[in-house]
Amino acid sequence: MPGRVGAAVLADGTELPADLVVVGIGAVPTVDLARDLGLRCEGGIVTDEHGRTDHPAVVAAGDCTVQPHPHLAGRLLGLESVNNAAEQGRAAGRIAAGTDPGPRGVPWFWSNQGDLRIQIVGVSDGHDDLVVRRSEDRITVLYYRDGVLIAADTVDNPRDHNAAKRALANGQTIDREAAADIEVPLKSLVRPV
Ligand SMILES: Cc1cc2nc3c(=O)[nH]c(=O)nc-3n(C[C@H](O)[C@H](O)[C@H](O)COP(=O)(O)OP(=O)(O)OC[C@H]3O[C@@H](n4cnc5c(N)ncnc54)[C@H](O)[C@@H]3O)c2cc1C
């Protein structure tokens, strides 16, 4: 007879009643081949944002890589998403062909969970402030660092997602105070380029 979950017990002994537990086990890239080639690996094959490894003849792309990010100095990030795999893959291919990889786009991610469409743009790690725009059927969280927009999560709010994506892609921020008013369309706070 399978048992039933009754509570989650935290490390400090706190007991939280629960009837469902979601376990996130993470992912570990297989980097044996890269290691055998002598490539730098730190939780993934270390690349630049375009997929260059520390060996001039080897490029890598996708979930097996970790890369730097502009506002996370000294940290390497695994961007596990279809967008990253495709964009880094294209850039790596261009480098392998001896052509310019071009500029790197802003990382973004989407996921459909049941009826909900979750969209993420930018990397929220390292934020020191956030703005929540919530209505009955949608939610947006804007993340700021030093007063500058760095990322946005939205649920069922593609308009806000697109506005934040445009701002980040163009190196703009979105005024924090104005964005806190859900009646103000986020799009109206992004300057056209
Ligand atoms: C359950 C789940 C849900 C996800 N949902 C989303 C989502 O909603 N949105 C999003 O953006 N991302 C999502 N992702 C992440 C996304 O799928 C990955 O970031 C993306 O597929 C990475 O692409 P990749 O080419 O690096 O690796 P993969 O897509 O994993 O491709 C690697 C390929 O290499 C093959 N391979 C492995 N070893 C060898 C070998 N030795 N020889 C030959 N072939 C080999 C594998 O079979 C595989 O086909 C999800 C991932 C999972 C697991």
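For the numbers below, each heavy atom of this structure counts, side chains included, while hydrogens, waters and symmetry mates do not. Counting starts at 1 for both ligands and their atoms, in listed order. Everything numeric here is computed off the predicted structure, so don't read it as measured data.
Applying the ring pair (Phe, Tyr, Trp, His ring centres under 6.0 Å) rule to pairs touching residues 16-50 yields nothing, sequence neighbours excluded.
Using modelled atom types, one side-chain atom of Thr173 and one backbone atom of Leu149 make a donor-acceptor pair closer than 3.5 Å.
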Expected list for residues 177-193: side-chain donor-acceptor pairs under 3.5 angstrom, two or more places apart:
unit_1, atom_1, unit_2, atom_2, d
Asp181, OD1, Glu183, N, 2.9
Ser188, OG, Pro185, O, 2.6

Exercise answer: donor-acceptor pairs, residues 16-30 side-chain atoms, under 3.5 Å, sequence neighbours excluded:
none

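Side chains of Arg104 and Gln67: a donor-acceptor N/O pair is present below 3.5 angstrom, by distance only. Using modelled atom types and a 3.5 Å distance limit, the side chains of Asp129 and Tyr143 yield no donor-acceptor pair.
For a heavy-atom separation below 4.0 Å, the residues in contact with ligand 1 are Gly62, Asp63, Glu80, Ser81, Val82, Ala85, Phe109, Trp110, Ser111.
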